[in-house]
Amino acid sequence: MNRNKNQSDDDIRRQNRNEDPITEEPGAHPVGTGAGAVIGGALAGAAAGALAGPIGTVAGAVIGGVAGAAAGKAIAENVNPTVETDYWRQSYRNRPYYSDEYDFEDYEPAYRLGWENYSESNRDWNASEPELRRKWQENRWEDEGGSPPMSWEEARLAAKDAYERVANRGEADYDTDSGTSNKPR
């Protein structure tokens, strides 16, 4: 199984379930919630500050932070890591880039890189690929048996596949609870 050199089995389990660090419930979305809070708080604070001065800025930041956190969580929840992992675990052998040289555990970091980075950037693949390549090359996963990790050239199509799966679906086309899509692939 491929993993970061410092990851324990519990770390892998939490990552695969995307557990909340406090409650250990699956499906936590702290990045989306935090990003929404910061963006929402800043926008609301600026608007309130312009109208009501410094006190309005503080009140606007608090109210905007709460509203923004809810919006950010909703955006992040459009990508359910548990559903994505299950989907790719079932599908990876049927993809045109699949090589029997690699197991799901070898492909999974590339899929995760793709879906996580689309949900963070919402940009076209071509605009995002250089950053994903850099991230892949900085985070070299090594197999417990000492096997070298996939090169970017080997992982690229899997990352792109997961990136575009998230990019190409709309909320009406995808049920995050069941992981089913009404949109043809």
Side-chain angles (χ1 to χ4, degrees), residues 1-9 11-19 26-32 35 72-185:
M1 180 172 129
N2 284 342
R3 65 173 74 199
N4 185 312
K5 293 176 187 176
N6 299 322
Q7 286 183 309
S8 70
D9 289 339
D11 292 336
I12 300 283
R13 178 184 52 82
R14 283 186 196 96
Q15 183 180 23
N16 287 342
R17 289 175 32 100
N18 196 37
E19 290 183 3
H29 301 286
V31 173
K73 184 174 187 214
I75 291 166
E77 285 178 346
N78 193 33
V79 179
N80 182 328
T82 305
V83 169
E84 292 303 309
T85 299
D86 290 345
Y87 173 83
W88 290 112
R89 186 181 311 276
Q90 298 298 317
S91 305
Y92 81 103
R93 286 189 180 105
N94 300 322
R95 308 312 292 176
Y97 49 80
Y98 168 72
S99 167
D100 61 8
E101 179 181 347
Y102 295 111
D103 294 329
F104 173 73
E105 288 76 16
D106 299 307
Y107 282 103
E108 195 272 337
Y111 291 130
R112 179 175 297 279
L113 181 71
W115 81 63
E116 284 179 351
N117 284 279
Y118 179 78
S119 66
E120 291 173 10
S121 71
N122 287 328
R123 295 185 303 175
D124 176 74
W125 167 259
N126 292 327
S128 297
E129 184 181 2
E131 176 70 9
L132 272 65
R133 173 192 290 267
R134 183 191 62 74
K135 286 180 178 183
W136 183 262
Q137 291 170 338
E138 285 178 0
N139 297 301
R140 303 290 292 192
W141 287 270
E142 292 210 17
D143 182 297
E144 290 174 343
S147 299
M150 285 182 168
S151 67
W152 174 247
E153 289 70 31
E154 294 168 308
R156 179 184 173 276
L157 292 176
K160 182 179 182 183
D161 210 3
Y163 190 96
E164 290 181 344
R165 173 176 151 83
V166 175
N168 290 331
R169 68 173 181 242
E171 287 183 37
D173 298 315
Y174 186 77
D175 180 341
T176 56
D177 293 329
S178 69
T180 58
S181 176
N182 299 324
K183 196 177 228 182
R185 290 221 13 106

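The structure presented is a predicted model; accordingly, all values stated were derived computationally and were not measured.
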Please state whether the rings of Y92 and Y98 are parallel, tilted or perpendicular, taking 30° and 60° as the class boundaries.
perpendicular

Close side-chain approach of L113 and W136, heavy atoms under 4.5 Å
yes

Trace of the salt bridge (charged side-chain N to carboxylate O under 4.0 Å, His left out) decision for E131 with R134
CA-CA 5 Å; E131 176 70 9; R134 183 191 62 74; 2.3 Å; yes

In this structure, CG of N117 is separated from CZ of R123 (nearest 0.5 Å) by 9.0 Å

Just so I know, are the side chains of K160 and E129 near enough to count as touching, which here means a heavy-atom distance under 4.5 Å?
no

Tell me the closest heavy-atom pair linking A110 and A158, and the distance in Å.
CB-CB, 3.9 Å

Distance check, rounded to the nearest 0.5 Å: Y118 atom OH versus L132 atom CG?
13.0 Å

Is a side-chain N or O of D103 found less than 3.5 angstrom from the main chain of E105, in a donor-acceptor match?
no

Scan side-chain atoms only and decide if Y163 and S128 contain a donor-acceptor pair under the 3.5 Å cut-off.
yes

Can you say whether the rings of Y107 and Y97 are parallel (under 30°), tilted (30 to 60°) or perpendicular (over 60°)?
tilted

Test log, rule side-chain contact (heavy atoms from CB on, under 4.5 Å), inputs Y111 and T85:
CA-CA 8 Å; Y111 291 130; T85 299; over 6 Å; no

Salt bridge or not between K135 and E138? Use side-chain N to carboxylate O under 4.0 Å.
no

From E154 atom CD to S99 atom OG, the distance as rounded to the nearest 0.5 Å:
7.5 Å

Check whether any side-chain heavy atom of W88 sits under 4.5 Å from a side-chain heavy atom of R95, and report yes or no.
yes

Among E116, R165, R89, R112, exactly one meets side-chain contact (heavy atoms from CB on, under 4.5 Å) together with E84. Which residue is that?
R165

CZ (F104) and CD (E108) are apart, to the nearest 0.5 Å, by 5.0 Å

